[in-house]
Structure formats: structure tokens, C-alpha cells
Amino acid sequence: MVRGHAIAAIDLGSTKIATIVGDASEGGMLRILGAGVVPSAGIEKGQISSIGQATEAINLSIEKAERASGTRILSAGVSISGAHLSSLNNRGIVAVPDVGRPISPDDAQRVIDAARNVSLKSNRELMHALPRYFVVDGQDRVSDPVAMHGQRLDVEMHIVTGGVNALQNVMKCVEGADVQVEALIAGPVAMSSAVLDPDEQQEGVVALDIGGGTTDIAVHVDGAIVHTASLPIGGTHVTRDLVAGLRCPFMVADQAKTRYGAALADQIAGDEAVTLSAFGQEERREISRRLIVEIVEARVEEILSMALGEVKRAGHIEAISAGLVIGGGTAELEGITTLAERRTGLPARIGQVPEVYGLADQVSGPAYATSLGVLRWMTEAFMEPIGQPLRLRMPAGGSVLGLFRGVGRLGRVFLPQ
């Protein structure tokens, strides 16, 4: 990839909308050219709830990113989450017609096309078809079959689908802000590409993005994604618990969560108190900080339990040696990794995006893991070898809701001369 070929990425969250412009060096390090982050509007639990409000918020985020980066954003990759996301694993099988020649890239593409050709309901749309591994004449776990000899070629594929209406609503909002949608990227897939290292993916790891309205889950085993899901619960539910428990306005509760919240109540002194504004009182009142943390801990523990249950239902819990990598705004809570280890029995760490420079301070921290994951996903499209278009090809039927519409104009921005 040529440095200076700028890419745009938009992360549509339930609490914030982040538009990032960046590029990548030859070594793959991301350079942030500018970002526009605004409070979310018209998005609930990862899905569009108001076209008008969402379009206005997206437009504001894009304008801020354009001013910060000095570019005009023409198109972008867009993240999408929500309970409408689902996944499955499917196998494709083809015969290699000429046993005297090695397996070619065309053979690999044929078997991939066979695996992604799954029967979907009319309200479902294929978003990602990610090869897990190949099998050549019974030889399992082949990472690249090209140039090998064999008569039968299989591929195990992980397929992520989304609800057609949910995807169309996202596209309508983004394109209503005069930006072309080049790719719709599932939040769990985007976050994984940003924060996981190859060793973790090989040994088994769960990427857990606890956002505002959703908790995205991506399970990796043997170096590839085997399960993805998005739960309709997140940090906003923690805030609403505080509203009910402290009887205070939503904004006050959100500030209390950020300033005084933590994930472990047993580490907070019982006599520590804070002052907050409450409903029905003109003056601020004193509240035990431990009460705040107890409320936060209860909901975060529930989120972790639900995520663990999802991994168990997928049947991969015994393969998770590297544990949990936690991203999202809720990951900034003090003590969350300790709580995660206590609740799940797995090692845990906070997901940080490595190798980012430029205006990186504008999008630092686990809250931007998915945002930067979208940007990394987009920039890697330009560095994909010509003979390996495994995840960039548009699904059969040419649906605009699938992967990339055209790598040649992917996520482009206009750089002033």
C-alpha cells in the first residue's frame, strides 16, 4: 500500500459515532490523519431507531473528521452491530480436475465460492465469508492450499450474516450524509482485527467489545474466527441501573459511572462518599461510592455471564486458552479484568490497538477498538495479494449489502493538492 492513500472508517455506536481518516505504512502501522467523534443519536442497541437523527449525527461526525484531516470523505467502511447479526460455519468441497498440476488460486476461489453459497432466508444478507482452514485430500488444517497437489479440496468457512432491513437502514443514513458505503463490517470482526495478536488467535481467545448498547463477541480458535454474536446489552444498561438505584438524571448517572464507577465493590472503602444531583432536590446529596460500584458490578457481572454463556453455547469454551480481550467504553472501568477472571475463570486483558501514530491521542483507549478495527480492515484491503481475494470478493448475486463494491475506490477520500 502506498503511504498517503487515505482511508475513511465510520463506527456507528449506540453512545458515540466515530469517523476516522487514516492510512498505513508499508509495515502496516496505522497513521491517524483526523477523527470526528460525536454523541450518538437515532441508534439503539446497535440498530437505527431514527433515520433523521442518525443521519444528522453521522453527518456531524464526518464534517468534524474532514476538518481535522483536511480531506473530503467520499466513501467509507462502516461498522455495524446489533442482535440481528448471526453466524454459522459451512464447508465447501470441489474436485481438482487435473491431478498433474498443483492447486491454483482459481481452485481455492472455487471452493470458497462453494462454501459461501449457503441458503439464507429472504431477510438475511451475507456480510463476511472468512476461510478458517483448508483440507487437501484429507490433510486437515491447511492454511494455504495454493501450489499443493491433491484431487479434492475442502474449505471450512465462517459466515456472518445480518438482517437486510438493519443493513439497509445503516446504508440509507450514511449515504444520506453524502458518503458512499463501500463495506459493512460486523463489529465483532472489526474489533478482532484491531486488538488480537496471532498467538492469541491460535491458542483460542474471545474478543469482547462491551459498547454502549451492545456487547460484541468474536471467538477465535486455531487462528480463525469460529463464532460471532452481538448481545443487546452494554454500558448504557449500567447507566440506567444507576438512574434507578440512585434516583438521579441519566447524565448525572453516566458521569458518576465514569468518575466513580469500578467493577469490584470489595475494593472500595465503605465510608467513601461522593455528592450527586438527584431528582426532586435542588441541592446535591451525598451518596456512598460503594453503592455506585455495587450497582455497576452487578450489571457488568451479568454482561460477562451472558458472554460466557454465548461462548459455551457455541461449543468452544474448552479451546479458549488465551482468555478474554475486552474492548469498548466499559472496559475502562477499574478492576474489570479481575472481575472477568473471577466470573469466567479465564485470563483477561484490556484490548489496546498497537502500532498507531499520527493523531492517535484522539482515538486512544479500548473505547475505540472497533473504530480502529474498521480502519485496519479497510487499509488491509489494499495490501491483499492479488491471488488471495478470499475476503474481498462480493457474494454471489452481486449484492450491494455484501463485502466490498470495488477495492479500487475503497474508503476513498479526496486529498487536497
Do L60 and E56 make a side-chain contact, defined as non-hydrogen atoms from C-beta onward lying under 4.5 Å apart? no
OG-CD1 distance between S40 and I58, expressed to the nearest 0.5 angstrom: 8.0 Å
Using modelled atom types and a 3.5 Å cut-off, is there a donor and acceptor pairing between side-chain atoms of S61 and backbone atoms of T19? yes
Please determine whether the number of non-hydrogen atoms from other residues, nucleotides or ligands lying under 6.0 Å from atom CZ of R91 exceeds 12. yes
Report, as yes or no, whether the 6.0 Å neighbourhood of atom CD on E334 holds more than 12 heavy atoms from other residues, nucleotides or ligands. no
Taking atom CZ of R101 as the centre, does the number of heavy atoms from other residues, nucleotides or ligands within less than 6.0 Å exceed 12? yes
For L184 and M171, what are the C-alpha separation, side-chain angles and deciding distance, and is it a side chain to side chain contact (heavy atoms under 4.5 Å, CB included)? CA-CA 9 Å; L184 289 175; M171 293 184 67; 3.9 Å; yes
Starting at OG1 of T71, measure out to CD of E66 and round the result to the nearest 0.5 Å. 6.0 Å
Separation of I295 CD1 from T239 OG1 (nearest 0.5 Å): 11.0 Å
So which heavy atom on A9 is nearest to which on A76, and how close? N-CB, 4.3 Å
At what distance, to the nearest 0.5 angstrom, does NE2 of H84 lie from NZ of K45? 13.5 Å
I73 to A65 - nearest heavy-atom pair and separation: CD1-CB, 4.2 Å
Heavy-atom count around E301 CD within 6.0 Å, excluding the residue itself: above 12? yes
Verify, without hydrogens or angle tests, whether D137 (side chain) and R152 (backbone) share a donor-acceptor contact under 3.5 angstrom. yes
With a 4.5 Å cut-off on side-chain heavy atoms, are E297 and D266 touching? no
Evaluation steps, side chain to side chain contact (heavy atoms under 4.5 Å, CB included), between I51 and N169: CA-CA 7 Å; I51 295 290; N169 288 337; 4.2 Å; yes
Can a side-chain donor-acceptor contact be found between S104 and D107 if the only test is distance below 3.5 angstrom? yes
Enter the distance from I17:CD1 to S14:OG here, rounded to the nearest 0.5 Å. 9.5 Å
Could you tell me if R247 sits above the aromatic ring of F279, with its cationic atom closer than 6.0 Å to the ring centre and no more than 45 degrees from the axis? no
Is the shortest heavy-atom distance from the side chain of T236 to the side chain of F250 under 4.5 Å? yes
With distance as the sole test, does H316 use its side chain to make a donor-acceptor pair with the main-chain N or O of V221 at under 3.5 Å? no
So do the side chains of E175 and Q180 get within less than 4.5 Å of each other, counting heavy atoms only? yes
So, applying side-chain contact (heavy atoms from CB on, under 4.5 Å) with M127, which one of L85, I159, T161 is it? L85
Verify side chain to side chain contact (heavy atoms under 4.5 Å, CB included) between Q362 and V37, making sure each step is shown before the conclusion. CA-CA 9 Å; Q362 296 185 8; V37 182; over 6 Å; no
Taking D113 first and then R110, would you say they form a salt bridge - that is, a charged N and a carboxylate O separated by under 4.0 Å? no
Working to the nearest 0.5 Å, report the span between CE of M148 and CD1 of I103. 6.5 Å
State, to 0.1 Å, how close K257 and G235 come at their nearest heavy-atom pair, and which atoms those are. NZ-O, 3.1 Å
Least distance between heavy atoms, A190 atom then T370 atom: CB-O, 4.0 Å
Please evaluate residues R31 and L33 with respect to the criterion side chain to side chain contact (heavy atoms under 4.5 Å, CB included), reporting the C-alpha separation (whole Å), side-chain torsions for both, the decisive distance (0.1 Å), and the verdict. CA-CA 6 Å; R31 178 176 64 149; L33 303 177; 3.6 Å; yes
